[in-house]
Participant: 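Dropping a structure here in structure tokens format, bear with me for questions.
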Protein chains: 2
Amino acid sequence: MANLEAAPAAPPPSLLPPRATADGTHRRLLEEALALFGQWGFNGVSVREIAKASGIRASSVYGHLESKEQLLFQLAIVGHEEHHDALRHALLEAGAEPVDQITRLVRAHVWFHATYPLLARVCNRELNALGPESQERVMAVRHQSEQLILDVIERGIRLGAFDVPQPWLAYAAIGSMGIRVAEWWGQLDFSVDAVADAYADYAVRLLVGNR
Amino acid sequence: MANLEAAPAAPPPSLLPPRATADGTHRRLLEEALALFGQWGFNGVSVREIAKASGIRASSVYGHLESKEQLLFQLAIVGHEEHHDALRHALLEAGAEPVDQITRLVRAHVWFHATYPLLARVCNRELNALGPESQERVMAVRHQSEQLILDVIERGIRLGAFDVPQPWLAYAAIGSMGIRVAEWWGQLDFSVDAVADAYADYAVRLLVGNR
DNA sequence: CGCCGGGAAACTAACGGTCGTTCGGACGAT
DNA sequence: ATCGTCCGAACGACCGTTAGTTTCCCGGCG
């Protein structure tokens, strides 16, 4: 089932999805900040380092942004929205069959974490460096994505297609598999499709059980 | 299969496993550092904050430790060794049956991440704040644990008990489920046994397939 | 064409504060 | 008297951010 058109497009050369509309120096700052935050964490990187990587001085950063935290916030929002959209579009192309729905959801979930691993890492570990209101804005998107997956699982159980006693635990397990892809991606050379196919299969096995 | 003796013991009140032999102020420092690192990350916490939480001044920390990084190193080593021992003992009590082996491994894996979630978090996100040689010492333990699980999966495939084409991907998926428990533990009130049982079941389903 | 004003974007310098760590001395128990 | 522990003070480096200035391009006008 490794088709060529299910995922939005071929892997882009950029660390950021096309959704990030910033251009010029602003874009450059976002990309370099992402690379550095992804490796060293938000608090492990200084504004001066981000600026140097972008070819400007630290003070010039503030002509494009209000603060270092805003840099993280923009990355987190872009990442979460891209992920949420990927899930929504996956569901849109699925039929009414729970197995098909979960297969496409997991494939999209894995696709995101393998295509934008640095962005996914930042989204998953640096959120509590955000102020409370920024954090809530991001978490709102996150909860929507969670609900998308949870709804499919619960409906599948109701229809008798899935057989798990605790839907949320199954959601957590399936979500975890994909999230962690962003941590090891690049160290081994699987293709996105190979991992997406395998994990979608795992998810179905997990939900359907040995019958 | 929620028995009372498979896991090493009842959940301890401490954030650190009994394996951490440090006592007095040293122990206090380790525990407070763990609590702070677990929430804010290594670079998000200052030595002065750790000292204040431990009831001493920053300068007094250096009568017990050589550096802030050593604090992280000791936590990382203790965490990885506790995890590795949990896996080894789980295998020791398992029979030759791959399903039994993977069940006990996953239960131990989940037990660790649910019992010491802060320690697990630090072990999983802060490792690259370590110097190269400290990092290698920790990764050596980590690779042993990985091999423990991978061996069981590969043997299970060879014996025909498991049916997965790429053992490493199955390992990554199963490992991920457990690791992420440390991230959400405490927000919902599952018992350790409930999660361990569910995830062990998921792992078996994932490996055995729908036959 | 040369000249000018304006605005964006970069620069240097510096602010107050915090960082990890060191030093020398004081205290209390052995 | 010695040792382990803690303290206050301080070190140099670096932090995020601001202020003021320079550079440069570009459109309008003589």
Side-chain angles (χ1 to χ4, degrees), chain A residues 20-77 122 125-135, chain B residues 20-77 122 125-135:
Chain A
T21 55
D23 57 342
T25 304
H26 187 178
R27 169 88 184 202
R28 188 87 204 278
L29 284 168
L30 282 175
E31 300 234 27
E32 299 295 342
L34 174 54
L36 290 166
F37 290 168
Q39 167 131 51
W40 304 109
F42 179 74
N43 285 308
V45 178
S46 71
V47 173
R48 282 167 178 84
E49 288 171 318
I50 301 170
K52 170 170 277 187
S54 306
I56 60 176
R57 310 288 146 162
S59 57
S60 307
V61 168
Y62 293 85
H64 304 270
L65 296 157
E66 292 177 10
S67 66
K68 182 191 176 191
E69 182 187 322
Q70 197 185 88
L71 212 36
L72 175 59
F73 174 69
Q74 293 183 354
L75 290 172
I77 278 289
V122 168
R125 9 160 79 143
E126 309 295 342
L127 252 44
N128 52 9
L130 250 31
E133 77 299 336
S134 300
Q135 204 169 90
Chain B
T21 55
D23 58 342
T25 304
H26 187 179
R27 170 88 186 200
R28 189 87 202 277
L29 284 168
L30 282 175
E31 299 234 26
E32 299 295 343
L34 174 53
L36 290 166
F37 290 167
Q39 167 132 47
W40 304 110
F42 179 74
N43 285 307
V45 178
S46 70
V47 173
R48 284 170 177 82
E49 289 170 318
I50 301 170
K52 170 172 278 188
S54 306
I56 59 176
R57 311 290 146 167
S59 56
S60 307
V61 168
Y62 294 85
H64 304 270
L65 297 157
E66 292 176 8
S67 67
K68 183 192 178 190
E69 183 187 322
Q70 197 184 86
L71 212 36
L72 175 58
F73 174 69
Q74 293 182 353
L75 290 171
I77 277 289
V122 168
R125 10 162 76 143
E126 309 296 341
L127 252 43
N128 51 10
L130 252 30
E133 76 299 336
S134 300
Q135 204 170 88

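Convention: sequence-line order gives letters A, B, ...; per-chain numbering from 1.
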Participant: Residues two or more places apart in sequence or in another chain: which of them pass side chain to side chain contact (heavy atoms under 4.5 Å, CB included) with A:I77?
Facilitator: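 Listed in chain order: A:F73, A:E81, A:V138.
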Participant: Name every residue in residues 53-71 of chain B that has at least one heavy atom under 4.0 Å from any atom of DNA chain D, in order of residue number, or write none if there are no such residues.
Facilitator: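 Going residue by residue through residues 53-71 of chain B, the ones with a heavy atom under 4.0 Å of DNA chain D turn out to be B:I56, B:R57, B:S59, B:S60, B:H64.
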Participant: Just wondering, do A:L29 and A:T25 contact through their side chains at under 4.5 Å, heavy atoms?
Facilitator: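 Counting from C-beta outward, A:T25 and A:L29 do come under 4.5 Å.
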Participant: Using a cut-off of strictly less than 4.0 Å between a heavy atom of the residue and any atom of DNA chain D, enumerate the qualifying residues of residues 34-50 of chain B by number.
Facilitator: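 Correct list: B:R48.
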Participant: With sequence neighbours left out, write down each residue that passes salt bridge (Lys or Arg N to Asp or Glu O under 4.0 Å) with A:E32, or none if nothing qualifies.
Facilitator: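 Applying salt bridge (Lys or Arg N to Asp or Glu O under 4.0 Å) to A:E32 gives A:R28.
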Participant: What closest approach, in Å, do A:R125 and A:N128 show between heavy atoms, and which atom pair accounts for it?
Facilitator: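 The pair with the smallest heavy-atom distance is O-OD1, 3.9 Å.
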Participant: Under the salt bridge (Lys or Arg N to Asp or Glu O under 4.0 Å) rule, collect the residues that match up with B:R27, sequence neighbours excluded.
Facilitator: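 B:E31.
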Participant: With rounding to the nearest 0.5 Å, note down the distance linking OG in A:S59 to CZ in A:R48.
Facilitator: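 A:S59 OG to A:R48 CZ: 9.0 Å, rounded to 0.5 Å.
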Participant: Could you give the distance from NZ (B:K52) to CZ (B:R57), rounded to the nearest 0.5 Å?
Facilitator: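 One gets 8.0 Å once the value is rounded to the nearest 0.5 Å.
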Participant: List the residues meeting side-chain hydrogen bond (donor to acceptor under 3.5 Å, both in side chains) with A:H64, not counting sequence neighbours, and say none if there are none.
Facilitator: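 Not a single residue meets the side-chain hydrogen bond (donor to acceptor under 3.5 Å, both in side chains) criterion with A:H64.
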Participant: Kindly indicate, with the supporting measurements, whether the criterion side chain to side chain contact (heavy atoms under 4.5 Å, CB included) is fulfilled by A:E126 and A:N43.
Facilitator: CA-CA 9 Å; A:E126 309 295 342; A:N43 285 308; 5.7 Å; no
Participant: Show the nearest heavy-atom pair for residues A:V45 and A:I50, with the distance to one decimal.
Facilitator: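 Scanning both residues completely, I find the closest heavy atoms to be CG1-CG1, 3.6 Å.
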Participant: If you walk 5' to 3' along DNA chain D, what is the first nucleotide with an atom under 4.0 Å of a heavy atom in chain A, and what is the last?
Facilitator: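 Listing 5' to 3', DNA chain D meets chain A from D:dC15 to D:dA19.
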Participant: Would you say that A:V47 contacts A:L71 through its side chain, given a criterion of any heavy-atom pair below 4.5 Å between the two side chains?
Facilitator: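 Of all side-chain heavy-atom pairs linking A:L71 with A:V47, none is under 4.5 Å.
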Participant: Name all residues meeting the side-chain hydrogen bond (donor to acceptor under 3.5 Å, both in side chains) criterion together with A:Q70; count only those two or more places apart in sequence or in a different chain, and write none if there are none.
Facilitator: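 A:E66, A:Q74.
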Participant: At their closest point, which heavy atom of B:V122 faces which heavy atom of B:L72, and how far apart are they?
Facilitator: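 Result for this residue pair: CG1-CD1, 3.5 Å.
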Participant: Going by the rule side-chain hydrogen bond (donor to acceptor under 3.5 Å, both in side chains), which residues pair with A:E133 if we only count those two or more places apart in sequence or in a different chain?
Facilitator: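 Partners of A:E133 by the side-chain hydrogen bond (donor to acceptor under 3.5 Å, both in side chains) criterion come out as none, since no residue qualifies.
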Participant: Going 5' to 3' along DNA chain C, which nucleotides are the first and last within contact of chain A (any atom under 4.0 Å from a heavy atom)?
Facilitator: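 Here the contact window of chain A covers C:dA10 to C:dA14.
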Participant: Output every pair passing ring-ring contact (aromatic ring centres under 6.0 Å, His included) with a member in residues 40-60 of chain A, not counting sequence neighbours, ordered by first then second residue.
Facilitator: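 Checked against ring-ring contact (aromatic ring centres under 6.0 Å, His included) - neighbours excluded - the pairs reaching residues 40-60 of chain A are A:F37-A:F42.
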Participant: Quick one: the dot-bracket string of DNA chain C, using Watson-Crick and G-U wobble pairs with both distances under 3.5 Å, [ ] for crossing pairs and | for bases paired to another strand.
Facilitator: ||||||||||||||||||||||||||||||
